[in-house]
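In listed order, ligands and their atoms are each counted from 1.
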Amino acid sequence: MKQKISPIDKEQVMRENDFIVSKTDEKGRLTYCNQIFIEFSGFSEQQLLAQQHNIVRHPDMPRSVFNLLWQTIKSGNEFFGYVKNISKDGSFYWVLANVTPSYSTGAGADAGKIIGYFSVRRKPNPEKIKLIEPIYQDMLAAENRAGTRDAITAGTRVLTDIIEPTGKDYREYILSL
Ligand SMILES: Cc1cc2nc3c(=O)[nH]c(=O)nc-3n(C[C@H](O)[C@H](O)[C@H](O)COP(=O)(O)O)c2cc1C
């Protein structure tokens, strides 16, 4: 069971050469995390493995971002996004995440199928966090106003209304911020 962590206003900042790496099964349960993941999350490897990846989900993150993440990776594509994560002690850390499907290399029925996902996260540019943070706040507010059933549509619309006039798609927009 996921324990509810109360967020505190304390930031942990990634170092220039840090990579936070994790792997999950096809349902998003952790099957691997590197030492830097363990350090930033504040959990032990034993506490992390087999848990859902939402163990580091921060309440400031809009649901519609994760909806987009899952839609993208389930359809076989890679996802890029700025993510605010929570640590065991309630502090937060921003990452630039790249999430990709992991394909079976075996023969037989599973050949070429998605058997899980990987994510590698690096230190985001703080100037870009300043741009994305208010967008996420607007998305979250729209989700809360819309209520559970319509939250994803409402949050996604806020993002689409920002991106569409630029003529870019989500990925181009995020990487060009
Ligand atoms: C490989 C992979 C990496 C992920 N990394 C994160 C992450 O760093 N932070 C996070 O909050 N969710 C991450 N997620 C998404 C979570 O699975 C989950 O959808 C999200 O935390 C929202 O939680 P909820 O569905 O319970 O609302 C990742 C998913 C996958 C497949």
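- With salt bridges taken as basic N to acidic carboxylate O contacts below 4.0 Å, none links Asp18 and Arg121.
- Partners of Asp60 under the side-chain contact (heavy atoms from CB on, under 4.5 Å) rule, at least two apart in sequence or in another chain, are His58, Lys84.
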Cut-off 3.5 Å, no hydrogens considered: what does the side-chain donor-acceptor table look like for residues 37-48, sequence neighbours left out?
residue: Glu39; atom: OE1; partner: Arg15; partner atom: NH2; Å: 3.0
residue: Glu39; atom: OE2; partner: Arg15; partner atom: NH1; Å: 3.2
residue: Glu39; atom: OE2; partner: Arg15; partner atom: NH2; Å: 3.2
residue: Ser41; atom: OG; partner: Phe37; partner atom: O; Å: 3.1
residue: Ser41; atom: OG; partner: Ile38; partner atom: O; Å: 3.3
residue: Ser41; atom: OG; partner: Phe43; partner atom: N; Å: 3.2
residue: Ser44; atom: OG; partner: Gln47; partner atom: N; Å: 3.1
residue: Ser44; atom: OG; partner: Gln47; partner atom: OE1; Å: 3.4
residue: Gln47; atom: OE1; partner: Ser44; partner atom: N; Å: 2.9

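- Of the residues listed (Ile86, Leu140, Val56, Val83), the one engaging Met61 in a side chain to side chain contact (heavy atoms under 4.5 Å, CB included) is Val83, and it is the only one.
- Of the charged side-chain nitrogens involved, none lies within less than 4.0 Å of a carboxylate oxygen, so that Lys74 and Glu26 do not count as a salt-bridged pair.
- Applying the ring-ring contact (aromatic ring centres under 6.0 Å, His included) test to pairs two or more places apart or on separate chains, none has a residue in residues 134-153.
- Enumerated by chain and number, the residues approaching ligand 1 to less than 4.0 Å through a heavy atom are Thr24, His53, Asn54, Val56, Arg57, Phe66, Trp70, Ile73, Val83, Asn85, Val99, Tyr117, Phe118, Ser119, Arg121.
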